[in-house]
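To start, the structure under review is shown below, and the notes come after it.
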There are 2 protein chains.
Amino acid sequence: MRENIYLQIYNEYSNQIHSGQLLPGTKLPSESELAEAYNTSRETVRKALNLLFREGYINKIKGRGSFVLDMTRMDFPVTGLISFKEMADTLGAPSRTLVEETVLEPAGAALARQLQIPLDTPVWKVIRAREIEEERIILDKDFFRSDIVPFLSAEIAEGSIYEYLEVKLGLKISYAKKLISVEPSTEEDHRLLDLKKYTHIVVVRNYVYLENTVLFQYTESRHRLDKFQFVDFARRVRR
Amino acid sequence: MRENIYLQIYNEYSNQIHSGQLLPGTKLPSESELAEAYNTSRETVRKALNLLFREGYINKIKGRGSFVLDMTRMDFPVTGLISFKEMADTLGAPSRTLVEETVLEPAGAALARQLQIPLDTPVWKVIRAREIEEERIILDKDFFRSDIVPFLSAEIAEGSIYEYLEVKLGLKISYAKKLISVEPSTEEDHRLLDLKKYTHIVVVRNYVYLENTVLFQYTESRHRLDKFQFVDFARRVRR
DNA sequence: TAGTGGTCTAGACCACTCA
DNA sequence: GAGTGGTCTAGACCACTAC
């Protein structure tokens, strides 16, 4: 059960940076020194450092060295949607997930198009409202192809669906595409959320693909305007 | 003036995929075959393929090979904000950039905090409204540290500021962080944009850092709700 | 000039997929 | 068992930074 060397180096440094043991501006040992210290080759060290670089932990400057970046200024997560759990944790506020619906039903026209499947193909539908501080502010509508996810339940939906898919079902998720826009709120939004006066809602459409490039999940995450936040971190790409 | 081998391979394949010469599902030659074809080593080929993989051009599956992904389903750009120019191009609609202001002025309290500089430090401010189909729908407010960007003008602001910074001034941009949220629209928004009835506006805050980790630019891009769109593409990370 | 990261090589062994 | 991508090695030369 030996871990890859480069992942080991990556994990050690990311943890140290994350925990504050390595302060921003600190210069890391040179690649040659690290190779010697970890008793490995320089290319393997570079693999680890490039991961740290891409994820925003360090900066690499030719001729100078690698330096720890200030991630506290970045307020985590470095990239992606502020998840429901993180938002609740940050606020230190009481939070709940309310499973409204978990049913297997034939896909309608709109959904069939989103999931790129024939009309009326059976699809698992999971609808959950997210509540923070007694207010329902996010509506998550998940749809799964039933030929790939044969079974779901309210119990699974209350926990982590992803752990179920990856660990229990062994599905290999390869990539996902998010599409963010703002749209007029629907009657359903008003029924299931505490929308207050807001006439519009932030819609995050998420398309999840397996390793074999099959689109198996479509998720619509609908956020009340005032509680929405998204963070994106990008390294400059040369070309 | 020899281009890196791995970038050459990357460019050839990304162009072929982009232009449709290589159809989705096509299997690329194996890494060993590519190494021989390009008269290089396998590790160099892998560098090119991993770039293609990270950018969503191909899928790599252990034991099977590398396959072209369907990027048309992703509607470009694969990631990031739909830029003003792309939006205009997609719509095939007439568009304009209206430079409202280009001045050097001392930073107020809010801006000094955003740029992490002392109060009243001189800062270049550029305000531009973006018009598509006769409607002003985006307000871009750019702020640059004047010790790093000593001069700006309305002429530069009308063209590409980034080309000016990178080519003319030789600034090395390292990374940027975006923060997206929705906020009540201000009096300035209403004055400079055609906001219609909308009471809220999508705010994209962009923090741009140089290679030496100095934050030198802060941009606020304010989008009318109904015209905003953001796309995010993410590979699944193992850990 | 010494030290750094960026590119590249020519091998090697492994884990996985598929016929 | 043949072929594939994933990891790793022990070198090499180069471009850039700093002193």
Practice task
Please figure out whether A:Glu43 or A:Leu49 has its closest DNA chain C nucleotide nearer the 5' end.
Solution key: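 The residue whose closest nucleotide sits nearer the 5' end is A:Leu49.
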Nearest-Å distance for atom pair [atom1]/[atom2], residues [X] and [N]:
X       : N      : atom1 : atom2 : answer
B:Lys47 : D:dG6  : NZ    : C1'   : 17 Å
B:Arg46 : D:dT7  : CZ    : P     : 7 Å
A:Lys27 : D:dA18 : NZ    : P     : 11 Å
B:Leu34 : D:dG3  : CG    : C1'   : 14 Å
B:Arg42 : C:dA12 : CZ    : P     : 13 Å
A:Leu51 : D:dT7  : CG    : P     : 10 Å
A:Ile9  : D:dT7  : CD1   : C1'   : 12 Å
B:Lys60 : D:dT7  : NZ    : P     : 9 Å

Handout entry: Nearest listed nucleotide, side chain of A:Glu31, among C:dA10, C:dG6, D:dC8
Key =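 Nearest to the side chain of A:Glu31 among the choices is C:dG6.
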Practice task
Name the closest nucleotide to the B:Glu33 side chain, picking from D:dT4, D:dA10, C:dT9.
Solution key: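 In terms of side-chain proximity for B:Glu33, the closest of D:dT4, D:dA10, C:dT9 is D:dT4.
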Practice task
Remember a base hit wins even if backbone is also touched, and classify B:Ser32 as base, sugar-phosphate or nothing at under 4.0 Å, heavy atoms.
Solution key: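 Nothing: the residue B:Ser32, judged by heavy atoms under 4.0 Å, touches no strand.
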Exercise for the section: Would you classify B:Ile61 as touching base, sugar-phosphate or nothing, given that sugar-phosphate means primed atoms plus P, OP1 and OP2, and contacts are heavy atoms under 4.0 Å? Expected result: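 Sugar-phosphate, backbone atoms only, no base.
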Practice task
Ignoring hydrogens and angles, state whether a donor on the side chain of B:Glu12 or B:Tyr38 is under 3.5 Å from an acceptor on the partner side chain.
Solution key: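 Distance-only check passes for B:Glu12 and B:Tyr38.
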Problem - Any donor-acceptor N or O pair under 3.5 Å, side chains B:Ser41, B:Glu43 - result: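 No, because no side-chain N or O of B:Ser41 sits under 3.5 Å from a partner of the opposite role on B:Glu43.
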Is there a side-chain polar atom (N or O) of [X] under 4.0 Å from OP1 or OP2 of [N]?
X       : N      : result
B:Tyr6  : C:dC8  : no
A:Ser41 : D:dG11 : no
A:Ser30 : C:dT4  : yes
A:Ser66 : C:dT4  : no
A:Arg64 : C:dG5  : no

Handout entry: Contact nearer the 5' end of DNA chain D, comparing B:Lys62 with A:Lys62
Key =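 Mapping each residue to its closest nucleotide by heavy atoms, the 5'-most match is B:Lys62.
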Practice task
Measure centre to centre between the rings of A:Phe230 and B:Phe230, then say whether the value is under 6.0 Å.
Solution key: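 Ring-ring flag for A:Phe230/B:Phe230: true, centres closer than 6.0 Å.
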Practice task
Write down the atom of B:Pro122, the atom of B:Ser146, and the distance for their closest heavy-atom approach.
Solution key: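 Taking B:Pro122 first and B:Ser146 second, the nearest heavy atoms are O-OG, 2.8 Å.
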Problem - Gap separating the CG atom of B:Leu179 from the CZ atom of A:Phe233, nearest 0.5 angstrom - result: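 It comes to 13.0 Å.
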